[in-house]
S.K.: 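Okay, here's the structure, questions in a sec.
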Amino acid sequence: MDDSVAIDAKRILLRYGAPIVILDDVTEAHRIEFAREIAKTSLPERQTRLRELLVEHGYIVEEDD
């Protein structure tokens, strides 16, 4: 994959709240997949959707309140 695509994907994910510590563990393929999904999501829902993707793929664990 083109490096510029991977870099842009990482920027998008950081913009919408992906913790950098977690993002370092996300595969390049998942970064691009998540960024594409976020781009198709309405603006107010992007941060929530990103968190859902990270939880669904096991990169973060949902905390119980």
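Since the model is a prediction, treat every value here as computed from it, not as a measurement.
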S.K.: Is there a chain of hydrophobic side chains (I, L, V, M, F, W, Y, each step under 4.5 Å between heavy atoms) that links Leu23 to Ile32?
M.R.: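 Leu23 does not cluster with Ile32.
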S.K.: Can Lys10 and Asp24 be counted as an ion pair, charged N to O under 4.0 angstrom?
M.R.: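 Between Asp24 and Lys10 there is a salt bridge, with a charged N closer than 4.0 Å to a carboxylate O.
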S.K.: By the ring pair (Phe, Tyr, Trp, His ring centres under 6.0 Å) test, which pairs, at least two apart or in different chains, include something from residues 18-44?
M.R.: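 The answer is His30-Phe34, His30-His57, His30-Tyr59, Phe34-His57.
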S.K.: So if you build clusters from Ile, Leu, Val, Met, Phe, Trp, Tyr with side-chain heavy-atom gaps below 4.5 Å, do Leu13 and Ile7 land together?
M.R.: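 Different hydrophobic clusters.
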S.K.: Looking at Arg49 and Glu52, is any side-chain nitrogen of the basic one under 4.0 Å from a carboxylate oxygen of the acidic one?
M.R.: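 Counted as a salt bridge, because a side-chain N and a carboxylate O are separated by less than 4.0 Å.
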S.K.: At what distance, to the nearest 0.5 angstrom, does CD1 of Ile60 lie from CD1 of Ile22?
M.R.: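 One finds 6.5 Å between CD1 of Ile60 and CD1 of Ile22.
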S.K.: Does one hydrophobic cluster hold both Val5 and Val26, with members joined at side-chain heavy-atom distances below 4.5 Å?
M.R.: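 Val5 and Val26: separate clusters.
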S.K.: Between Ile20 and Leu14, is there a side-chain heavy-atom distance shorter than 4.5 Å?
M.R.: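 Sidechains of Ile20 and Leu14: in contact.
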S.K.: In Å and rounded to the nearest 0.5 Å, what is the CG to OH distance from Leu43 to Tyr16?
M.R.: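 Spacing of CG (Leu43) from OH (Tyr16) equals 5.0 Å.
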S.K.: Donor-acceptor pair, Arg46 side chain versus Ile38 backbone, under 3.5 Å?
M.R.: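 Indeed, once roles are kept as given, a pair shorter than 3.5 Å links the two residues.
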S.K.: How many angstroms lie between atom CZ of Arg31 and atom CG of Asp25, to the nearest 0.5 angstrom?
M.R.: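 So the CZ of Arg31 and the CG of Asp25 are separated by 9.0 Å.
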S.K.: Shared ILVMFWY cluster between Leu50 and Val61, side chains joined below 4.5 angstrom?
M.R.: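 Each belongs to a different hydrophobic cluster.
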S.K.: Is the closest side-chain heavy-atom distance between Arg11 and Asp8 below 4.5 Å?
M.R.: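 In short, these two side chains touch, coming nearer than 4.5 Å.
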S.K.: Near Gln47 CD, under 6.0 Å, is it more than 12 heavy atoms from other residues, nucleotides or ligands?
M.R.: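 For Gln47, atom CD is not crowded (no more than 12 foreign heavy atoms under 6.0 Å).
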